[in-house]
Amino acid sequence: MSSLYIHIPFCKQKCHYCNFYSTASFKNRDELIRSIAIEISIRANYLDNRDLDTIYFGGGTPSILTQKEISLIFNSIQSSFIIKDDCEITFEANPDDINSEKLDNIIDHGVNRLSIGIQSFDDDILKRLNRVHNSKDAIKSI
């Protein structure tokens, strides 16, 4: 099984429980996104021409990306690797970042699994966790 993990380290703010590398600073964002696309193309032969079974966009907050940034990364993946027809492509999203335009964009790129970061529907708990969204945002995103 061949898999590709893309880590998007940017967040609007740091959640108190998160132990993954992330930053609320968008300094160097353009450079990092371009570097991810370049790294993907550099690693094109890393899997010995095996087809990708899974692609996972994690973070941080992948849903913070713009359509242009998402397209840049997906275009690099598609030009560097063979993606199986039944490849599971997962994209992590925060409830406050989801809208129909963003969903259409990621679906157009083949995303077939969305992981929505809803840790709770209780507003007090969400505040204690330092989440950006509230329970209404969480319900609306679903």
Exercise. For E88, which residues count as a salt bridge (charged side-chain N to carboxylate O under 4.0 Å, His left out) partner, sequence neighbours excluded?
Worked result: none
Exercise. Is there side-chain contact between I73 and L65, with at least one heavy-atom pair below 4.5 Å?
Worked result: yes
Seminar exercise, completed: Taken to the nearest 0.5 Å, the spacing of I33 CD1 from I38 CD1 works out to 11.5 Å
Exercise. Out of curiosity, I89 CD1 to N112 CG, how far, rounded to the nearest 0.5 Å?
Worked result: 5.5 Å
Problem set entry | All salt bridge (charged side-chain N to carboxylate O under 4.0 Å, His left out) counterparts of E69, not counting sequence neighbours | R29
For this session: Compare every heavy atom of G59 with every heavy atom of E92, then report the nearest pair and how far apart it is.
Result: OE1-N, 3.2 Å
Exercise. Who are the salt bridge (charged side-chain N to carboxylate O under 4.0 Å, His left out) partners of D97, not counting sequence neighbours?
Worked result: K12
Exercise. Should L103 and I98 be marked as a side chain to side chain contact (heavy atoms under 4.5 Å, CB included) after you check the CA-CA gap, both sets of side-chain angles, and the distance that decides it?
Worked result: CA-CA 7 Å; L103 290 174; I98 297 175; 3.7 Å; yes
Seminar exercise, completed: Taking every heavy atom of S63 against every heavy atom of K102, the minimum-distance pair comes out as O-NZ, 2.5 Å
Exercise. What side-chain hydrogen bond (donor to acceptor under 3.5 Å, both in side chains) pairs are there with at least one residue in residues 114-128, not counting sequence neighbours?
Worked result: Y17-Q119, Q119-R131, D123-S135
For this session: Mind checking ring pair (Phe, Tyr, Trp, His ring centres under 6.0 Å) for F91 and listing every partner two or more places apart, or none if nothing turns up?
Result: F57
Exercise. Which heavy atom in G117 sits nearest to a heavy atom in P95, and how many Å separate them?
Worked result: O-CD, 3.6 Å
For this session: Consider only side-chain heavy atoms of I, L, V, M, F, W and Y, link residues closer than 4.5 Å, and tell whether I8 and L114 are in one cluster.
Result: yes
Exercise. Just how far is it from atom OG1 of T66 to atom CG of N105, taken to the nearest 0.5 Å?
Worked result: 8.5 Å
Problem set entry | Validation row: L47, L52 side chains within 4.5 angstrom (heavy atoms) | yes
For this session: Say whether I118 and I139 are linked into one hydrophobic cluster, either directly or through other cluster members, by side-chain heavy-atom distances under 4.5 angstrom.
Result: yes
Exercise. So if you build clusters from Ile, Leu, Val, Met, Phe, Trp, Tyr with side-chain heavy-atom gaps below 4.5 Å, do I42 and Y5 land together?
Worked result: no
For this session: Using side chain to side chain donor-acceptor pair (under 3.5 Å) as the criterion, list what pairs up with E31, not counting sequence neighbours.
Result: none
For this session: Scan for ring-ring contact (aromatic ring centres under 6.0 Å, His included) pairs involving residues 32-54, sequence neighbours excluded, and state none if there are none.
Result: none
Seminar exercise, completed: For H133, the ring pair (Phe, Tyr, Trp, His ring centres under 6.0 Å) test, sequence neighbours excluded, returns none
Exercise. Residues in salt bridge (charged side-chain N to carboxylate O under 4.0 Å, His left out) with R43, at least two apart?
Worked result: E39
Seminar exercise, completed: Hits for side chain to side chain donor-acceptor pair (under 3.5 Å) against S71, two or more places apart or cross-chain, chain-then-number order -> H109
Exercise. Looking at side-chain heavy atoms only, is the closest gap between D51 and S2 below 4.5 Å?
Worked result: no
Exercise. Which side-chain hydrogen bond (donor to acceptor under 3.5 Å, both in side chains) pairs, counting each pair once, include a residue from residues 75-87, with sequence neighbours left out?
Worked result: D53-K84
Problem set entry | Spacing of CG belonging to D104 relative to CD belonging to Q67, to within rounding of 0.5 Å | 8.5 Å
For this session: May I have the step-by-step check of side chain to side chain contact (heavy atoms under 4.5 Å, CB included) for I36 and L72, ending in yes or no?
Result: CA-CA 9 Å; I36 289 170; L72 178 68; over 6 Å; no
Exercise. Roughly how far, to the nearest 0.5 Å, is the CG atom of L4 from the OH atom of Y56?
Worked result: 13.0 Å
For this session: Please identify each residue that fulfils ring pair (Phe, Tyr, Trp, His ring centres under 6.0 Å) with F26, with sequence neighbours left out.
Result: F10
For this session: Might you work through the side chain to side chain contact (heavy atoms under 4.5 Å, CB included) test for V132 and N94, ending with a clear yes or no?
Result: CA-CA 9 Å; V132 175; N94 278 343; 6.0 Å; no
Exercise. With distance as the sole test, does D137 use its side chain to make a donor-acceptor pair with the main-chain N or O of N134 at under 3.5 Å?
Worked result: yes
Exercise. What distance separates T90 OG1 from I6 CD1, expressed to the nearest 0.5 Å?
Worked result: 12.5 Å
